[in-house]
Structure formats: C-alpha cells, structure tokens
Chemist: 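Structure incoming, see below.
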Amino acid sequence: MTDTSSPDAAPRGRRWRRVALCSLVAVAVLEVALNVALNTGVTQAIMGRATDRTRLTWQRAWWLWPVGRLHLTGFTLTQQDPDVWWKVEVDALEAGMSLTGLLRKRVDVDGIDGHGASFHLEPSSAPEEPSAPNSKPWVIHLKDVTLHQVRELDFSRVRFAGALDVTGTLNLQSRERLEVDLPSVRVAEGFIEVDGQRVARLEALDSRARLDAPFQPGKGYDLTKALGGQVKTRIDVLPLDWINDQLGASAPVSLRGGAGRVDLDLRVERNTVQPGSQLKASGEALDLKAGPMRARAPWSLQASMGTEPGEQLSGSMRLAFAPVQVSAGPKGSDMEVPEIALSVRARRREGQPGLDLKPELHVAKSKPLDLRVLNPWLGQTLEIDSGHVTVRSEEPSNRAKARSALELRMDTNLVSGRMGPNKVLLRAEVEVDARHLSWDMTELGLSGTTLRLRDVSSNGNVPIRAWSGNFTLPRASLSLSPTVLKARFASQLTDTQPIVALITSSKKLPGFLTSLLNIPEVEVTGQVQIDDRGLQLRELKATGKSFSLEGHLDLVQGNITGALLASLGAVTGGIELKPGKHDVHLLNATEWFKRQPVPPFR
C-alpha cells in the first residue's frame, strides 16, 4: 500500500498540540493569577484607590473564569457620603461578573445570590473630598440581586432584626447618581428595636421600593424626592414602657402599657404619600403619669389618603382615647372622659409644596372631678372646701362662634374655699387654646389660655360681692415635678374690689384707700407664680380712670407681704404689706417704693 500522508502532517499536529497546551497553560496561569489577586487584596487595593468613597471588600474568593461564577465570602460594600455612612455585608454570595468591565472602571455583576446579609447606616460628617478634574467615576451595577436571610437592618438607633428576603438592583455611579430598585422585600417575622430595646414585632411585611437620587456637589445624594414604592405590613406594638428609658429616671412623665396592633398600606411617590394609603391601629390601655396627674385609656388610630373632586390630594387622621380615666392627687380621685379625639384633615396646596392642615379637638363632657384634690398644691393660696370641675371641648354647633376648633374648656360649679380666715365663693371657666400647647417633658406650655372668674364673693375686712374678671395668659407654663404654674397675665376687671380686699387688713380704711372702691374698669398686668407654698405676684401694674398702681406681693394662707405704689389723681402713696398690718407712706412715697427690694420667684 502506498503512504499518501503529507510529510509535514505530523509536525503540524504537534504544533497544534503545543498551541493548545500553551493556551491551557496560559489560561491556567491567568486563572491562578486572577484568584491570587482576588485573595491577596490586590484587586481590592486597585479598586480602593479608584473608587473614592466607595469600598468593595471580601475575605475569600474564587472564580473559574470565564465560564464559571464568582464566589465571595465575607463580602462588604461600603459608601461614605458627607452626611451618611452605610455598609452592606453578605456572608456568602455568587454572581456572574465582567472582568473586562473592571478595566473600564465598571463593576458589572449579574445574578447575585447571597445568604446571610446585614445593612448598617449611620450619620456622618465626613468632609467633601474634591475629585481630580479628569478622573472618571466608577460605576457599580448590581443586577438581579437576591439576598436571603437578611438578618439585620441597622439605622443607627433604630434596628430591624429577623429574617428578610430581598430582590432588586443597584446602580451607583460615584458622584453622579444612586439608583436602587427593590421589587420585592418580604419578612416572615422580625422585630424592630430602638436603642437595643424591642418595641414592635413584624408579623408580616411585603413591600417594593425605588430610590433615585442624583448627586449634588457639596451636599451628597439628594433624597428629597428620591423615594417611591409601597409597603404592606402588620405590626404588633409591644408595651410602651421602653419609652421611660428614653426619658430618663428623673423625667416627670412615665408611660406604661399600650400594646396594640397596626395594619399599614403605605404608598409613596417622590417622597409624597399617595391615594390609597391606609393605617389602622388600636391598643390596650395606655397609662400616662405626669406629675400629680395620671390618665389611663385604650387608644386607636386611623389615617388615609385620597383625592377630592378635581384630583386634589387630601388625607385624614384620627387619634382617639376612649374612655379616659383621670386621677389627681394622692387620694386618686377620678374623673372619666368618655372620649378624647384629635382629628386632622390635610389638603395639598395648589401650586405649592406641603399640605394645609385643619386639626380639630373633640373632648366629650367629663364626669365631675372633686376640686379638693388640688389642695396639696393650691391649699396655701386657696384651700377648697367644696366644688367640682368638668372638662369638654366646644360643641360643633357652637364652633362658628368659638376662637378655634382646638379649644378645651373647664367649667366649675360654685366653688367654696378659704383664703386664711376669709371665706371665698366663686365660679371659674378656663379656655385652653390647644394650638399653642407645647410639651418638653418637664413642663406643659399653656400660652393663650383664658381664665374667667364670676360670682366672686368674700367676707373679708372689705367684702367682695358678685365680682367678675377675665384673665388672659399670653405666656404660661405648668411644671409637673414639682407642680408650679408660671404665667404672664393681662386682665380686665369690672372694678377694684379684689385689689382693695387684698391690701386691707381692717374694716376701717384710710381716706387714701377709700377712693379705690369707686374705680370701675381697671386693666391689670403682671407675672404670677403658684406652687405648694403660695402665690407670688411680680411686675404688677394696674391702670384705670385717674388711677395707677404697681408693685409686688406674696400671698400665703391669707397673709400678704409686699410693697405697692398707688396714684389717685394728684395723690401718690406707698403701701407696705405685712401680715396683719399694712402701713401707708404718703411722704416721699415714690422714693420709698424704689428702696423696697423685690424678692425673686421661688
């Protein structure tokens, strides 16, 4: 048989085998070099120098490139902005990754499947670092991300701990844009913690979210209109006792109980709550203790967002406590209020940002409270023998005439009491404008309150008969521990009967004081403080027809001390107030008054 094979066929075959072998060796060398670079920190160092404030790190990695998937353990993605610092940690993940993309300063990762993850975010004050003028920012694009068993979302003081499954994408272009799309976030069960204390249990959560935040030089990523999505969740609210640790042991306010349930469907677009959002919540009795007062009531909360004719965005919220049991003083005398509710309606402002809010307070008329519970605090000023007070808000039919739909009223029947040896009878009405209420955990702001006294009578040395007067408090506060009322007041008095009664210690009046009995329509201003040691008046000023008075005084169990300067027409006199005896100074009265010291408030 004749051999027809080419004489150089064997060498050509050997050359191909050598090429194939060399290629395999080259791939193997590249594979080894790539995995060595991944595991010795070389890749991390290169990316760290180029990604400004973004850091990608891992503990171990292997990659059968180009056909296999990248496997990482101990993976972290850290971002440092001027105002916040955040980090994602994943125990183990695998993904498809473009090696050539790294050469173009791109981290393109596809099909991430991670297990055991956590997220941390906290405020930061890192200074803005200028970039090189010709530097190209890195782009990090994580596509089709699935994270199983996300065990922690830590937002500094607020933390989620449980089991969370997340799918989504992330597109971060350093110093240009941050985009996050989370089409599915699910929780089977988890807990919300505040400063390490559990405050609620997530029974279920199903949500989707989007974040699109452009970067603003010097300000970081703009989050003002970046958020959109929907959250549906059921939450068991744990007892609110944990709030006491936030307030501190010395706080005059404490909370107990109030455990409940919340059902939430929240829809957001560009950081704005959208129609269809709903919140329903209710809870067990909440026990609030504030100074000598204690209130206990179950609670409920309802809120929704919808649209009015013309597609005007509107919403409503109603927070109610019913029934409310209020007790005061060491004997714990009770007053029951059938319901206290705060309703708020909100409407989008046409052509302007924000919402117009229309609040309304409803307080059903309470059962009477025995005013003798105030004697431990008020007894040195006015010791009450009998009398009751009821609390209510203005009826809706009368609100057209009322100053505000946020007005709280307290009315007494005929109150009987004693100021030292003198018997006193009166009726009182108090109107509190809730628009001006404030609260800083140590005192209650009561600015805008009005006090009306009527049918005031007294059997003192100068009797008072059927007197009335109105007092407005442009600035007022009630401290709770100890209980102290401080206020600046202005009043319109029908006449000077109470002034004369206060400064007179005998039925026989000097001629200088007798004229005070006949002055009608007097305006009085000053500062007052009432505590468990009595009443103090400072910067007291009164004016009427051909009449003026100024000074200061202290009242304790009917005993008065202080100094006054009064002018009647052309006559001016000083009045020195002492327990049981008052002296009148007509000679150089103004100079005498200026020498009298004004004791500070206790």
Side-chain angles (χ1 to χ4, degrees), residues 291-293 326-337 365-392 408-432 446 449-471 473 476 478 483-485 487 489 491-507 517 524 528-537 553-560 577 579-580:
M293 304 295 292
V326 181
S327 60
K331 296 182 180 179
S333 300
D334 287 340
M335 174 176 65
E336 181 177 308
V337 183
K365 187 174 181 179
S366 70
K367 294 182 179 180
L369 173 67
D370 191 337
L371 285 173
R372 288 178 294 180
V373 301
L374 299 179
N375 282 335
W377 170 59
L378 199 59
Q380 296 296 315
T381 303
L382 173 65
E383 186 172 0
I384 297 173
D385 296 324
S386 64
H388 294 82
V389 63
T390 57
V391 179
R392 62 182 173 87
L408 182 66
R409 297 175 60 89
M410 289 173 276
D411 303 281
T412 73
N413 60 355
L414 187 62
V415 178
S416 174
R418 286 173 286 113
M419 296 181 67
N422 300 328
K423 185 78 171 181
V424 177
L425 299 174
L426 61 87
R427 297 179 189 272
E429 298 176 2
V430 179
E431 292 181 0
V432 179
L446 296 170
T449 296
T450 299
L451 169 65
R452 296 187 178 92
L453 299 178
R454 56 189 177 91
D455 300 334
V456 179
S457 299
S458 172
N459 65 346
N461 293 319
V462 176
I464 300 175
R465 295 291 180 263
W467 176 85
S468 63
N470 296 335
F471 297 81
L473 311 182
L478 180 65
T483 305
V484 180
L485 175 66
F489 67 89
S491 60
Q492 297 284 340
L493 308 185
T494 55
D495 54 56
T496 53
Q497 287 188 72
I499 297 177
V500 176
L502 282 176
I503 64 178
T504 303
S505 58
S506 65
K507 293 184 178 180
L517 292 173
V524 181
V528 62
Q529 176 173 302
I530 302 175
D531 56 24
D532 58 2
R533 290 179 287 179
L535 176 147
Q536 294 177 289
L537 281 173
L553 60 84
D554 290 8
L555 172 63
V556 180
Q557 289 188 333
N559 294 317
I560 300 178
L577 306 172

Chemist: With no hydrogens and no angle check, is any side-chain donor or acceptor of Trp377 less than 3.5 Å from a backbone partner on Thr483?
Modeler: yes
Chemist: Closer than 3.5 angstrom, by distance alone: can the side chain of Arg465 be matched with the main-chain N or O of Ser458 as a donor-acceptor pair?
Modeler: yes
Chemist: Start with the C-alpha distance between Val556 and Arg533, add both sets of side-chain angles, then the distance that settles side-chain contact (heavy atoms from CB on, under 4.5 Å), and finish with yes or no.
Modeler: CA-CA 7 Å; Val556 180; Arg533 290 179 287 179; over 6 Å; no
Chemist: Quick one: pull up CZ in Arg427 and CG in Leu453 and give me the separation to the nearest 0.5 Å.
Modeler: 12.5 Å
Chemist: Nearest 0.5 Å, please: how far is CG in Asp495 from CD1 in Ile464?
Modeler: 9.0 Å
Chemist: Would you name the heavy atoms of Asp532 and Gln380 that are closest together and state the gap between them?
Modeler: O-CG, 3.0 Å
Chemist: Nearest 0.5 angstrom please: Leu426 CG to Leu414 CG, how far?
Modeler: 7.5 Å
Chemist: Which residues pass the side chain to side chain donor-acceptor pair (under 3.5 Å) test with Ser416, not counting sequence neighbours?
Modeler: Lys423
Chemist: Evaluate side-chain contact (heavy atoms from CB on, under 4.5 Å) for Val524 paired with Phe471, printing each intermediate quantity in order.
Modeler: CA-CA 9 Å; Val524 181; Phe471 297 81; 5.9 Å; no
Chemist: Ala428 and Leu451: which non-hydrogen atoms are nearest, and at how many Å?
Modeler: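 Shortest heavy-atom contact: CB-CD1, 4.4 Å.
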Chemist: Do Gln536 and Val528 have side-chain heavy atoms sitting under 4.5 Å apart?
Modeler: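 Result no, sub-4.5 Å side-chain heavy-atom pair not found.
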Chemist: Tell me if a side-chain donor or acceptor on Thr494 pairs with a main-chain N or O of Ser468 at a distance below 3.5 Å.
Modeler: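 Indeed, once roles are kept as given, a pair shorter than 3.5 Å links the two residues.
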Chemist: When rounded to the nearest 0.5 angstrom, what is the spacing between CD1 in Ile384 and CG in Leu371?
Modeler: 5.0 Å
Chemist: With sequence neighbours excluded, what pairs up with Asn459 under the side chain to side chain donor-acceptor pair (under 3.5 Å) test?
Modeler: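 Here no residue qualifies.
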Chemist: What distance do Met335 atom CE and Met293 atom CE have between them, rounded to the nearest 0.5 Å?
Modeler: 6.0 Å
Chemist: Show me the pairs that pass salt bridge (Lys or Arg N to Asp or Glu O under 4.0 Å) and involve residues 410-422, at least two apart or across chains.
Modeler: Glu383-Arg418, Asp385-Arg418, Arg392-Asp411, Arg409-Asp411
Chemist: So, does Asn413 use its side chain to make a donor-acceptor pair with the main chain of His388 at under 3.5 Å?
Modeler: yes
Chemist: Do Leu478 and Val484 have side chains that get closer than 4.5 Å, going by heavy atoms?
Modeler: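 Heavy-atom side-chain distance check fails, nothing below 4.5 Å.
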Chemist: Taking side chain to side chain donor-acceptor pair (under 3.5 Å) as the definition, give me every residue that meets it alongside Ser457, ordered by chain and number, with sequence neighbours left out.
Modeler: none
Chemist: For Met419, what residues pass the side chain to side chain contact (heavy atoms under 4.5 Å, CB included) criterion, not counting sequence neighbours?
Modeler: Leu382, Val424, Leu555
Chemist: With heavy-atom distances below 4.5 Å as the criterion, would you say the side chains of Val391 and Leu408 are in contact?
Modeler: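 Yes, close enough: below the 4.5 Å cut-off.
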Chemist: Hey, does Thr450 have a side-chain heavy atom less than 4.5 Å from the side chain of Leu473?
Modeler: no
Chemist: What verdict does the side-chain contact (heavy atoms from CB on, under 4.5 Å) test give for Val415 and Leu425, after you've listed the backbone C-alpha separation in whole Å, the side-chain angles of each residue and the deciding distance to 0.1 Å?
Modeler: CA-CA 6 Å; Val415 178; Leu425 299 174; over 6 Å; no
Chemist: Provide the closest heavy-atom pair for Val337 versus Ser366 in the form atom of the first, atom of the second, distance.
Modeler: CG2-CB, 3.6 Å
Chemist: Grab the two heavy atoms, one from Gln497 and one from Pro463, that are nearest each other, plus how far apart they are.
Modeler: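 The pair with the smallest heavy-atom distance is OE1-O, 3.8 Å.
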Chemist: Once side chain to side chain donor-acceptor pair (under 3.5 Å) is applied, do any residues pair with Asn559, and if so which ones, sequence neighbours excluded?
Modeler: none
Chemist: Run the side-chain contact (heavy atoms from CB on, under 4.5 Å) check on Trp467 and Leu493 step by step: do they pass?
Modeler: CA-CA 9 Å; Trp467 176 85; Leu493 308 185; 3.3 Å; yes
Chemist: In Å and rounded to the nearest 0.5 Å, what is the OG1 to CD distance from Thr381 to Gln557?
Modeler: 9.5 Å
